Amino acid sequence: MMSEDRRGYPEDASQSNIDFYSASSEAETSAPLMGGERMPIGEKKKNWPPCRPIIHHDISIDIAPSSRKFIRRAYVGWWFHSFALGWNAIALSGSLIMGEVVGGFFIGLAAFLVGVPASFIVYYVLYKALKQASAALFAMWFCLFGTQIILEIFFAIGSGGTGAAGIILMIETFNLSRMVLGIFIAISAVIWCLVALFNVLFIISARKEYSDMGGHKAAGKDFAKQSAQAAYDNRDAIKQVAIDNREVIVDFAKENKDVIIDFAKENREATGRLIMDNRDTIWENREVISEVFDTPVTTTQQRY
């Protein structure tokens, strides 16, 4: 059997992975700040965007070596998408100057101003998923990124008045003998087609990373853990809701007894904390609990 070191990593793990974990630990515990101060443990200095840092973004520190190439492709894809939005607005600005499809220009400008940060959020969900090894975040990214690809295809096809400088608008512009403007829109259409193709291929390749992380099964467990933690953090509010809707909850619990038991077993730590913090309430309602789960709540359980 392969032995492990005190950090839980195999002793014969590749040197690159060992260096990655060591660098991550050092960055989290001893990152220097201006004036000789040091950051609190677990925090990292905000460094992105460079002009006004609001988040921490460092692929070489946050992401495991095996996933760095993958996340860098995603980062390049975000820049590619942002460039497409920018060129789309530039192409439509020509139509504004010539007094045509004015409404489309303002929609395209709004798409650029909103689309660039929104697409970065989509990218950062994937970044956090790989950083935290969270299959739940990865699954969320699939949904968000799939929506982004649909919008890219829409922009590639785009017609006048929609804010999309795509194929249909290109044809309409050339039919009006607006050659210079048509060339700008043609470039935009080509860029959108390339961006959509790049991201379609990327989301297909992402399936392997998702499978390596555990796939849908791991995502389900992550969602369950997050739900249990959220329940613990908001236990007082949940307790009041439970009191106000006691009969409905009892009926639901009876119908889903097996599911509740399985969920509690998979999340023993969070469930245990909930029981400890609410043991008096549980004891006061022991008859209802016994009826739901066909298990008597005895004085032995009261102590816990």
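All of these numbers come straight from a predicted model, not from anything done at the bench.
Using a distance-only test at 3.5 Å, with no hydrogens or angles considered, a donor-acceptor pair links the side chain of W87 to the main chain of F184. Not one N or O on the side chain of N47 forms a donor-acceptor pair closer than 3.5 Å with the backbone of D58. Remark: side-chain polar atoms of N88 are paired, donor with acceptor, to backbone N or O of A165 under 3.5 angstrom. Between the side chain of N175 and the backbone N or O of I171 there is at least one donor-acceptor pair closer than 3.5 Å.
Counting only heavy atoms from C-beta outward, the side chains of R73 and S205 approach each other to under 4.5 Å. Counting heavy atoms from C-beta on, the side chains of L85 and W192 come closer than 4.5 Å.
Between N199 and I149, the shortest heavy-atom distance links the atoms O-CD1, 3.5 Å. Pairing each heavy atom of A164 with each of L169, the nearest pair is O-CD2, 3.9 Å. Here the closest non-hydrogen pair linking L126 and A74 is CD2-CB, 3.8 Å. In terms of heavy atoms, R68 sits closest to S60 at NH2-O, 2.9 Å. Across V116 and S82, no two heavy atoms sit closer than the pair CG1-OG, 3.8 Å. Between I167 and A189, the shortest heavy-atom distance links the atoms N-CB, 3.8 Å.
Every residue two or more places apart in sequence or in another chain was checked for a ring pair (Phe, Tyr, Trp, His ring centres under 6.0 Å) with F112, and none qualifies. Applying the salt bridge (charged side-chain N to carboxylate O under 4.0 Å, His left out) rule to K69 yields no partners; only residues at least two apart in sequence or on another chain are considered. Not counting sequence neighbours, F154 has no partner by the ring pair (Phe, Tyr, Trp, His ring centres under 6.0 Å) test. Partners of A186 under the side-chain contact (heavy atoms from CB on, under 4.5 Å) rule, at least two apart in sequence or in another chain, are M170, F174. With sequence neighbours excluded, the residues satisfying side-chain hydrogen bond (donor to acceptor under 3.5 Å, both in side chains) with S67 are E209.
Sequence neighbours left out, the pairs with a member in residues 137-149 that pass side chain to side chain donor-acceptor pair (under 3.5 Å) are Q148-E152.
Y210 and F138 have tilted rings, their planes meeting at an angle from 30° to 60° on a 0 to 90° scale. Relative orientation of the W78 and W48 rings is perpendicular, given thresholds of 30° and 60° on the angle between their planes. Ring orientation note: the planes of F198 and F80 are nearly perpendicular, at an angle over 60° on the 30°/60° scale.
To the nearest 0.5 Å, atom CG of residue L137 and atom CD of residue Q132 are 5.5 Å apart. Here the CD-CZ distance, from E172 to R178, works out to 13.5 Å after rounding to the nearest 0.5 Å. Distance OG/S66 to CD1/I71: 12.0 Å, rounded to 0.5 Å. Atom CD1 of residue I153 and atom CG of residue L197 lie 10.0 Å apart, to the nearest 0.5 angstrom. In this structure, CD1 in I168 is found 7.0 Å from CD1 in I157, a value given to the nearest 0.5 Å. Rounding to the nearest 0.5 Å gives a distance of 11.0 Å between CD1 of I63 and CD1 of I61.
In the hydrophobic clustering of ILVMFWY residues, with side-chain heavy atoms under 4.5 Å counting as a link, I107 and V114 come out apart. Clustering ILVMFWY residues whenever any of their side-chain heavy atoms sit less than 4.5 angstrom apart, transitively, puts I121 in a cluster other than the one holding I59. Cluster membership check: L194 does not share its hydrophobic cluster with V76, using side-chain heavy-atom separations under 4.5 Å among Ile, Leu, Val, Met, Phe, Trp and Tyr. There is a path of hydrophobic side-chain contacts, each under 4.5 Å, that joins F83 to V190. Residue W79 is grouped with residue F155 when hydrophobic side chains (ILVMFWY) are merged at heavy-atom distances under 4.5 angstrom, including chains of intermediate members.
Ring to ring, H57 and Y123 are close: their centroids are under 6.0 angstrom apart. Proximity of the aromatic rings of F202 and F70 is defined here by a centroid distance below 6.0 angstrom, and this criterion is met.
The number of heavy-atom neighbours closer than 6.0 Å to CZ of R207, taken from other residues, nucleotides and ligands shown, is 12 or below.
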